Number of protein chains: 2
Amino acid sequence: MARTTGSDGEKTEAAVREAAVSLIARLGYEAMSMRQLAAEVGVQAAALYRYFPTKEDLLFTLMREHMEGLLKAWEAARPASIDPVTRLAAYVENHIAFHIERRHATHVSNMELRSLSHERLTQILKMRTAYEKELRTILRDGAEAGVFQVDDTGLTAMALIQMMTGVIVWFRPGERLSIAEVTASYLSMTMRLVGATISHGTARRLGRARDAVAL
Amino acid sequence: MARTTGSDGEKTEAAVREAAVSLIARLGYEAMSMRQLAAEVGVQAAALYRYFPTKEDLLFTLMREHMEGLLKAWEAARPASIDPVTRLAAYVENHIAFHIERRHATHVSNMELRSLSHERLTQILKMRTAYEKELRTILRDGAEAGVFQVDDTGLTAMALIQMMTGVIVWFRPGERLSIAEVTASYLSMTMRLVGATISHGTARRLGRARDAVAL
DNA sequence: GAATTAATTAAACGTTCGTTTTATTATTCC
DNA sequence: GGAATAATAAAACGAACGTTTAATTAATTC
């Protein structure tokens, strides 16, 4: 047989991406076979090669789009304010919301880096570094303004990112805690960790987050 | 050919473990072939099967011994004191020291869980849970004694563990920061994160840690 | 120093892998 | 409605995989 009734390139490609993220997150990139992926999509393995020339191209595409999405999400969420506390709060909220919504894709982007070619690894790491630099800038500005107590900006940024991203390891939607509760907790942990001096405006802001949890 | 001059089972087994940890950490469990591992040890692939009946047995052995080592290290480091701040400081110091010294093995134990059979996964997770429970107990005791300000003991424990273990992702010995500096920074971040009330004795203890960094 | 045991090599087994080739059918275009 | 094109199936390719079997040699035992 050959082309099947109702088949459509765009639909198939979208289905491949979705199935690939889920399968790679569950089994790992090396452990997932192209035949397994094809079966999940309901297609023959050869059909996958119409959309992605190699298995690694598929992986890279998933990772690149995940990182591009993360950078775009932060661009959209980045506040106009220059207040470091406000900016840090926005960064934390955006980071947690983005990663909880994309648990599988985050898993893939964090765990399968070693399966990329050197050149592509560099591309992904460049995007990641740019994203992390945003946090370091916020921390440095806050430290210089005297509203944060931070020993080492780089170390603190890494610690915060590991802590926040780690939420995808244990968080399961619909269990004990809601996304809003988790976000509020991570926000207050972050602010304490950086020794944030709470201004009047900030206190009102954090108070609102806490009220939301109480609902 | 067959048995080689000077060959010895114990030496070979130790070499296999060592090479396996390093190769799996670098390439991933699925991506590492038994032939590759054998070549690294300087032996034929079939020789590996004298020590580990299957590839998965090898992985499981590495993970189990890593987790057993972690639990034993904490048993040895656990202070007699009932003061939550002292206990938390000991937990953080032990955790970071243990994981920095075993970066590769930690990588393997954290990243390759999905390659274990269900039964063996359960065994490893049981050990991990027992270890994490120690931290939750410290946090709960501290919260009940009023020396820690912690919203949610479980969530805080996970956040701290992710933050601390994450050190192996970016830390490289011999670069900008020493192990002592990193440990001291993580200790103070932890204490701020849990909102620790610093007593006189604790202040002296943390002060000593800070002095060590200044060396 | 012969017999036994431990450690290893060399070769092979069947399976699965990523990928390519070729053929076939559905859809689109004019 | 015929031609062109897009989307797929089916089958095959060579390579690599984990593992097993059989043979061989070093070390140990008595």
Side-chain angles (χ1 to χ4, degrees), chain A residues 1-24 26-63 108 112 114-120, chain B residues 1-24 26-63 108 112 114-117 120:
Chain A
M1 292 174 218
R3 183 168 186 173
T4 52
T5 309
S7 65
D8 172 331
E10 282 192 29
K11 275 189 208 164
T12 305
E13 178 167 353
V16 170
R17 285 166 194 255
E18 201 174 325
V21 167
S22 146
L23 273 182
I24 296 175
R26 195 163 79 238
L27 311 173
Y29 169 76
E30 296 283 352
M32 177 200 75
S33 76
M34 294 300 268
R35 286 170 178 83
Q36 232 175 330
L37 173 58
E40 190 85 3
V41 176
V43 111
Q44 288 293 319
L48 303 174
Y49 288 82
R50 175 156 279 275
Y51 305 100
F52 303 97
T54 69
K55 193 184 178 188
E56 197 213 317
D57 279 284
L58 168 57
L59 177 64
F60 178 64
T61 300
L62 298 177
M63 287 186 171
V108 173
E112 308 294 351
R114 59 187 160 204
S115 295
L116 292 178
S117 70
H118 180 75
E119 186 204 356
R120 286 171 160 178
Chain B
M1 295 174 215
R3 184 167 184 173
T4 53
T5 308
S7 64
D8 173 330
E10 282 191 31
K11 276 191 210 163
T12 305
E13 178 167 352
V16 170
R17 284 165 195 257
E18 203 174 323
V21 167
S22 146
L23 274 182
I24 297 175
R26 194 162 80 236
L27 310 172
Y29 169 76
E30 297 282 353
M32 177 200 74
S33 76
M34 294 301 267
R35 285 170 179 83
Q36 231 175 331
L37 174 56
E40 190 85 1
V41 177
V43 111
Q44 288 293 319
L48 304 174
Y49 288 82
R50 175 159 280 276
Y51 306 99
F52 303 97
T54 69
K55 192 183 179 189
E56 196 213 319
D57 279 283
L58 168 57
L59 176 64
F60 177 63
T61 300
L62 298 177
M63 286 185 171
V108 173
E112 307 295 351
R114 58 188 159 204
S115 295
L116 293 178
S117 70
R120 287 172 158 177

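Convention: sequence-line order gives letters A, B, ...; per-chain numbering from 1. Reckoned from all heavy atoms, side chains included, excluding hydrogens, waters and symmetry mates. Bear in mind that the values here come from a model prediction, so they are computed numbers and not experimental data.
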Close residues, residues 42-49 of chain B, relative to DNA chain C [heavy-atom separation under 4.0 Å]: B:Val43, B:Gln44, B:Ala46, B:Ala47
Quick one: [X] [atom1] to [N] [atom2], roughly how many Å, whole number?
X: A:Arg50; N: C:dA26; atom1: CZ; atom2: P; result: 16 Å
X: A:Glu30; N: D:dG18; atom1: CD; atom2: C1'; result: 15 Å
X: A:Lys55; N: C:dT20; atom1: NZ; atom2: P; result: 15 Å
X: A:Met34; N: D:dA9; atom1: CE; atom2: C1'; result: 16 Å
X: B:Tyr29; N: D:dC17; atom1: OH; atom2: C1'; result: 12 Å
X: B:Phe52; N: C:dA7; atom1: CZ; atom2: P; result: 13 Å
X: B:Lys11; N: D:dA26; atom1: NZ; atom2: P; result: 16 Å

Heavy-atom check, side chain of B:Val108 versus side chain of B:Tyr29, under 4.5 Å: no
Side-chain heavy atoms of A:Leu37 within contact of A:Ile24, under 4.5 Å: no
side-chain hydrogen bond (donor to acceptor under 3.5 Å, both in side chains) involving A:Gln36 - partner list, sequence neighbours excluded: none
B:Tyr51 OH to B:Glu10 CD distance, which is reported to the nearest 0.5 Å: 9.5 Å
Residue pair A:Val41 / A:Val16: nearest heavy atoms and the distance that separates them: CG2-CA, 3.8 Å
Nearest heavy-atom neighbours spanning B:Ala20 and B:Leu62: CB-CD1, 3.8 Å
Pairing residues for B:Arg114 by the salt bridge (Lys or Arg N to Asp or Glu O under 4.0 Å) criterion, not counting sequence neighbours: A:Glu112
Pairs meeting criterion side-chain hydrogen bond (donor to acceptor under 3.5 Å, both in side chains) with involvement of residues 14-23 of chain B, two or more places apart: B:Glu13-B:Arg17, B:Arg17-B:Glu65
Which protein N or O atoms sit under 3.5 Å from an N or O of nucleotides 14-16 of chain D?
none

Listed once per pair and sorted, the salt bridge (charged side-chain N to carboxylate O under 4.0 Å, His left out) pairs that draw on residues 41-57 of chain A, sequence neighbours left out: A:Glu56-A:Arg120, A:Asp57-A:Arg120
OP1 or OP2 of D:dT8 under 4.0 Å from side-chain N/O of A:Thr12: yes
